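Comments concern the structure below.
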Number of protein chains: 2
Amino acid sequence: MTEQQAVLDMLEILECGGCVEPAHFFTLMRRTFRIAHLLYLEAEPYADELKVCRLHHTFGAYAAEIYRARGLHRIDPILKLALGGVRPVEWTMARHRFPECEPLFQAAQEIGISTEGVALPLPSPAGRMALLAINVNMSAGEWTTYRRHHLRDFQLAANLFHAAMLEHGAMAGSISTRDMRLTGRETEVLTWAAAGKSYWEIATILGISERTVRFFMTNARRKLNVVSNTQAVAQAVRHALIPSV
Amino acid sequence: MTEQQAVLDMLEILECGGCVEPAHFFTLMRRTFRIAHLLYLEAEPYADELKVCRLHHTFGAYAAEIYRARGLHRIDPILKLALGGVRPVEWTMARHRFPECEPLFQAAQEIGISTEGVALPLPSPAGRMALLAINVNMSAGEWTTYRRHHLRDFQLAANLFHAAMLEHGAMAGSISTRDMRLTGRETEVLTWAAAGKSYWEIATILGISERTVRFFMTNARRKLNVVSNTQAVAQAVRHALIPSV
DNA sequence: ATTTGAACTGTCGCTACTGACAGTTACGCA
DNA sequence: TGCGTAACTGTCAGTAGCGACAGTTCAAAT
């Protein structure tokens, strides 16, 4: 029961919002569980490519260099599966389902990294995707049992850490959004513009004149430092200045 | 330890992909945990409204009617918090932070529904959001302890059920994302429009005629089912169809 | 009491966007 | 060989967006 207690304690720390430092989280996880390595990736889909927003891991610089140099991200099935789905991705499962990714696992074995693990998809609002990959140093059988008991802990821990990262990112991002604060009316007109309404329609909806709608929109454009309504709405959605929900 | 075993068994059932039937999942959850009621909601942001894609719950028709008739969705802080964040939302926490939502909790008490519970955000790919709300019939103190032990189980179960629902939905043919895949040029044109460029500028940048830019934009608008470039860009940003930054 | 900021309105004129008309070219696939 | 899809182009007429002109009203803060 000591192990159970340690797990619950760790989850409580995470939920209370401590631990926005990836290194701290990784240490905590490795102290609490029998984990060899961890990787946290936040990315944004763009066409068929991925734009990496955040990347933290404990595999070390050498492993990262190998991964990059051999272009293993192109064949990594865990990336594809975890960033495209919602279900935990078992490493060996991915390995068997995608024979073309063998070089990835061979590279891991070369540099002494285990090929057992699981990747937890962490989808975020606004279409971004993230994953937490967990790598363990166990035999297949041992891992099956361990995973069965602790997948729920991994999932909750991953979710809470991911939440902390998102909130932290929002803080850091709010430096640039400080001068971008919009008034209530500006937000309203932008919201309706984002819904495809014309000035006349917005005026009717809000019960004000068309000119006034233009006035608010002009102010919003000036504050956001953009040149068109279209760009203003794009910025507003990106910075969550207008409700996405 | 029998309870632990039952939980692990249930999670295994979920992970093996059984249980795409909400009623089945709810029964399983209520049999495994001390849960009074469950609610699963999948929604899509639209203007400042919510377009409900899926809704299943065990609160009964009467409660649903009350909720709808009194317009409680407009003040429900759990919807706002859970659909806009990634962190579990404690009901009583939401109640204290948003005094204006008191009618919601009073309505619950009126019809004999407990006000203790937690809502787990389940963000999905493509900008959609979902949540699983869990309602329990316990005292506050009892719930604190129970929650501490089982939040991880709830989170994993919720994620797995949500995954099953998404996969099932994808099978059935997702209406909203079916025709939303944009071609390379459509993406490029939208991206530049989101950057505030005019048709003439985009034409110059891409080395094509202004008419052709309009052609791609028109196709993009049609695919996204929107009426203006502004709305198209808003949708594209929300659904991560064009790169942010 | 003055200032600051939000909310609000009117008109002119130019530019940008949008729909509807009617096409061509190139590529891959059945 | 046809069929579908993506990329590409032209013109016309109407609507919408946008900048620059010049204001009023109200409430809160200094």
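Keep in mind the model is a prediction, meaning the values are calculated, not measured. Sequence lines set the chain letters: A, B, ... in the order given, protein chains first and strands last, and positions in each chain run from 1.
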- Nearest to the side chain of I208(B), which nucleotide is it out of dC8(D), dT9(C), dC18(D)? dC8(D)
- Can you tell me how far P of dT18(C) sits from CD of Q231(B), to the nearest Å? 11 Å
- Query: Is any side-chain nitrogen or oxygen of S209(A) closer than 4.0 Å to OP1 or OP2 of dG10(C)?
  - Reply: yes
- Side chain of S228(B) (C-beta onward), nearest among dA7(D), dT11(C), dT18(C): dT18(C)
- Message: Distance check needed: dT18(C) P versus L224(B) CG, whole Å only.
- Response: 13 Å
- Message: Distance check needed: dG19(C) C1' versus N229(B) CG, whole Å only.
- Response: 12 Å
- Atom CZ of R222(B) to atom C1' of dC17(C): distance rounded to whole Å? 18 Å
- Message: Between T183(B) and dA6(D), is there a contact of a side-chain N or O with OP1 or OP2 at under 4.0 Å?
- Response: no
- Message: Tell me whether the side-chain N or O atoms of R221(B) pair up with the base of dT18(C) as donor and acceptor below 3.5 Å, since no angle test is needed here.
- Response: no
- Parallel, tilted or perpendicular: ring planes of F161(A) versus F25(A), cut at 30 and 60 degrees: parallel
- Does a nitrogen or oxygen in the side chain of T212(A) sit under 4.0 Å from OP1 or OP2 of dT9(C)? yes
- Compare the minimum distances between each of dA7(D), dG10(C), dT9(D) and the side chain of F216(B), then state the nucleotide with the smallest one. dA7(D)
- Query: CD of E210(A) versus P of dT9(C): gap in Å, rounded?
  - Reply: 11 Å
- Would you mind reading off the distance between M217(A) atom CE and dT9(C) atom C1', rounded to a whole angstrom? 17 Å
- Task: In whole angstrom, give the distance that lies between atom NZ of K223(A) and atom P of dA6(C).
- Result: 5 Å
- Among the nucleotides dA20(C), dT9(C), dA7(D), which one has an atom lying closest to any side-chain atom of F215(B)? dA7(D)
- Query: Side-chain donor-acceptor pair under 3.5 Å between R221(B) and T218(B), yes or no?
  - Reply: yes
- Flag if over 12 foreign heavy atoms under 6.0 Å of CH2, W192(B): no
- Item | dC8(C) OP1/OP2 closer than 4.0 Å to side-chain N/O of R185(A) | yes
- Query: Using a cut-off of 4.0 Å on non-hydrogen atoms, how would the nucleic acid contact of R214(B) be classed: base, sugar-phosphate, or nothing?
  - Reply: base
- Task: Have a look at N219(B) and say if it touches a base, only the backbone sugar-phosphate, or nothing, with a 4.0 Å heavy-atom cut-off.
- Result: nothing
- Hey, what's the ring geometry for H56(A) with Y40(A), parallel, tilted or perpendicular (30° and 60° as the breaks)? parallel
- Message: Expressed as a whole number of angstroms, how long is the span from Y199(B):OH to dC8(D):P?
- Response: 16 Å
- Would you indicate whether R97(B), at its atom CZ, is surrounded by more than 12 heavy atoms from other residues, nucleotides or ligands within a distance under 6.0 Å? no
